[in-house]
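Here is the structure we will look at.
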Amino acid sequence: MKKTAVITGITGQDGSYLAELLLEQGYRVVGVTRRTSTQVNERINHLEGRIELVSADLLDQSSLTTVLRDAQPSEVYNLAAQSFVPASWSQPVLTGEFTALGVTRVLEAIRAVDPAIRFYQASSSEMFGKVAEVPQRETTPFYPRSPYGVAKVYGHWITVNYRESFGMFAVSGILFNHESERRGLEFVTRKISDGVARIKLGLAKELRLGNLDAQRDWGFAGDYVRAMWLMLQQAQPQDYVVATGRTHAVRDFVRLAFETVDLPWEPYVAVDPKFVRPAEVDLLIGDPSKARSKLGWQPETSFEQLVERMVRADLERLSRVVSV
Ligand code: NAP
Ligand code: F7E
């Protein structure tokens, strides 16, 4: 019989890649969307007819319980969150409701419907924040630097707690930054790839950014959803760091992106204090040894391939717009 998986956050970057992977694996995929006045599910439109969409919200306990009761999944992937770090300073309470308490609501829905359902929580390297060790691994202490990071620490520990309190198969994947051509335009990598493509096509004259010195361990989202799935296929529920083990400054991403279109970056990039954060996470680099040895997971896309892929995708997309 087909396995059923429920994905919260299916309309997001990771939700779309995970849905594709689970369909390939033969799953019935049920995606949770929240009601909006316009339904623009651009990341999953190509999956229409192959996935089922149901309505629920992380703020609403009964909607989550109803979704699980109706879908009867064996796996739940909780990818939904307010995921943009700067927005967590302007909407700290809402971020806590979605990104922290929302996890408890999903866990409570599982407990009420079927405690045997396997649960994946989308935890984040932002929990390491002001890093206590380099590289960061599963045992590195947390020191979050934003309301988002704080909320994710809560989500992580409530997942661990439900595993230990109720014996649930609940795991926390501590994923480092992962990107793609489906990344939201407000995140720095996509902002750069989109900005570079616009400049190349004559649609923009400059790219305004914040801190160019911040270092991130960037991977490709399509590789990372495989690790999520693998975590739920193990005999024992455990937490894993998922990363490439390499770090680069924002400046490196900028330079490579401009190189892709044969332009120097310096004349086009301006630093705008508006994009500098009240507290920064300066350096992230993950140690994916445990994921490699226990899950057999490793990233397949290099940093250089990721940058090129994103710039080329934005060039192609914007060229179509220009030629209309
Ligand atoms: P994303 O593109 O921002 O997607 C977030 C998803 O959450 C969207 O589908 C969004 O729905 C949904 N959502 C937000 N609030 C909701 C609510 N109240 N009820 C129901 N759904 C809600 O994020 P992503 O990059 O795919 O990341 C997926 C998860 O991994 C997030 O939890 C993120 O915090 C975490 N994470 C991401 C990274 C990364 O580098 N991408 C790294 C570590 C952890 P709408 O479309 O309606 O807005
Ligand atoms: O920033 C710097 C910024 O917004 C990366 C989320 O998916 O990954 C993501 O969080 C770095 C930061 O991602 C701009 O200061 C410079 O140091 O792309 P970002 P993030 O904050 O690392 C983690 C793992 C998550 O869990 C989150 O959900 O880039 N930066 N100039 C800029 N950042 C933005 N957004 N815009 C700029 O203009």
Side-chain angles (χ1 to χ4, degrees), residues 7-18 31-36 38-44 55-60 63-64 67 77-88 94-95 97-99 101-103 105-106 120-129 144-146 148-149 151-152 155-156 172-180 182-192 195 207-221 224-225 228 241-243 248-251 253-254 269-284 286:
I7 305 176
T8 72
I10 195 163
T11 55
Q13 171 188 258
D14 291 5
S16 67
Y17 283 109
L18 181 64
V32 175
T33 62
R34 50 182 173 164
R35 204 208 81 85
T36 49
T38 47
Q39 284 289 340
V40 193
N41 298 334
E42 60 179 27
R43 296 189 182 100
I44 50 168
S55 181
D57 198 298
L58 286 180
L59 295 181
D60 189 86
S63 66
L64 295 168
V67 161
Y77 296 84
N78 183 38
L79 308 188
Q82 189 303 93
S83 75
F84 189 46
V85 171
S88 77
L94 191 65
T95 300
E97 285 287 352
F98 286 6
T99 305
L101 283 178
V103 186
R105 293 192 189 98
V106 178
Y120 173 85
Q121 167 57 15
S123 291
S124 164
S125 51
E126 283 293 300
M127 302 190 302
F128 296 125
R145 295 276 280 169
S146 63
Y148 169 80
K152 281 288 178 186
H156 170 83
S172 166
I174 307 176
L175 271 54
F176 283 61
N177 298 53
H178 45 280
E179 319 292 316
S180 72
R182 298 184 198 168
R183 185 61 138 152
L185 283 164
E186 66 276 34
F187 297 91
V188 78
T189 56
R190 186 73 199 290
K191 185 174 169 183
I192 296 167
L207 174 59
R208 301 185 80 77
L209 296 170
N211 176 13
L212 301 183
D213 296 320
Q215 287 174 262
R216 290 289 183 277
D217 180 330
W218 277 297
F220 170 54
Y224 284 41
V225 297
M228 297 177 187
V241 158
V242 178
H248 296 91
V250 172
R251 183 179 283 95
F253 199 107
V254 170
V269 174
V271 171
D272 186 335
K274 191 168 77 184
F275 299 112
V276 175
R277 299 176 181 186
E280 179 62 283
V281 171
D282 294 317
L283 165 69
L284 289 176

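These values consider heavy atoms only, across backbone and side chains, with no hydrogens, waters or symmetry-generated copies. Nothing fancy with the numbering, it's 1 onward along the sequence. Whatever order the structure lists them in is the order used to number ligands and atoms, beginning at 1.
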I need the contact type for [X] against ligand 2. Using non-hydrogen atoms and a strict under-4.0 Å cut-off, is it side chain, backbone, both or neither?
{"X": "Leu209", "value": "both"}
{"X": "Val250", "value": "side chain"}
{"X": "Arg183", "value": "side chain"}
{"X": "Lys152", "value": "neither"}

Within 6.0 angstrom of Glu42 CD, more than 12 heavy atoms from elsewhere =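 Counting other residues, nucleotides and ligands, CD of Glu42 stays at 12 neighbours or fewer.
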### Pairing residues for Arg208 by the salt bridge (Lys or Arg N to Asp or Glu O under 4.0 Å) criterion, not counting sequence neighbours
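Glu206, Asp272.
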Candidates Arg216, Gln13, Gln121, Arg183; heavy atom nearest atom 2 (O) of ligand 1 found on Gln13
Exercise for review: Pick whichever of Ala122, Ala151, Gly15, Ser180 has a heavy atom sitting closest to atom 35 (C) of ligand 1.
Suggested key: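 The residue whose heavy atom sits nearest atom 35 (C) of ligand 1 is Ala122.
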Any N/O pair [X]/ligand 1 closer than 3.5 Å:
{"X": "Asp14", "answer": "yes"}
{"X": "Arg34", "answer": "yes"}
{"X": "Phe98", "answer": "no"}
{"X": "Lys152", "answer": "yes"}
{"X": "Ala56", "answer": "no"}
{"X": "Asp57", "answer": "yes"}
{"X": "Leu59", "answer": "no"}
{"X": "Leu175", "answer": "no"}
{"X": "Asn78", "answer": "no"}
{"X": "Ser123", "answer": "no"}

Interfacing atoms of ligand 2 (cut-off 4.0 Å, heavy-atom, Lys191) =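 Close to Lys191: 37 (C), 38 (O).
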What about [X]: any of its N or O atoms under 3.5 Å from an N or O on ligand 2?
{"X": "Tyr148", "value": "yes"}
{"X": "Ser125", "value": "no"}
{"X": "Gly210", "value": "yes"}

Check your understanding: Looking only at heavy atoms, is any part of Ser125 under 4.0 Å from ligand 1, and if so is it the side chain, the backbone, or both, or is it neither?
Key ->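 No part of Ser125 is near ligand 1 at this cut-off.
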Backbone, side chain, both or neither: what part of Tyr148 comes under 4.0 angstrom of ligand 1, heavy atoms only?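 It is the side chain that touches ligand 1; the backbone stays farther off.
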Tell me, please: is Arg182 in heavy-atom contact with ligand 1, that is, under 4.0 Å?
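Arg182: no contact with ligand 1 (<4.0 Å).
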Under 4.0 angstrom from ligand 1, any heavy atom of Ser16?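 It does not; every heavy atom stays at 4.0 Å or beyond.
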| query | How close does the nearest protein non-hydrogen atom get to atom 29 (C) of ligand 1, and which residue and atom is it? | reply |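 Sorting protein heavy atoms by distance from atom 29 (C) of ligand 1 puts Leu79 O, 3.1 Å first.
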for atom 14 (C) of ligand 1, nearest protein heavy atom and its distance come out as Ala81 O, 3.2 Å
Next on the checklist: Strictly below 4.0 Å, N to O, side chains only: are Glu280 and Arg216 in salt-bridge contact?
Outcome noted: yes
- Stepwise side-chain hydrogen bond (donor to acceptor under 3.5 Å, both in side chains) check, Asn78 with Thr8: CA-CA 5 Å; Asn78 183 38; Thr8 72; 2.7 Å; yes
Contacts of Ser124 that satisfy side chain to side chain contact (heavy atoms under 4.5 Å, CB included) - sequence neighbours left out: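 So Ser124 forms a side chain to side chain contact (heavy atoms under 4.5 Å, CB included) with Glu126, Tyr148, Lys152.
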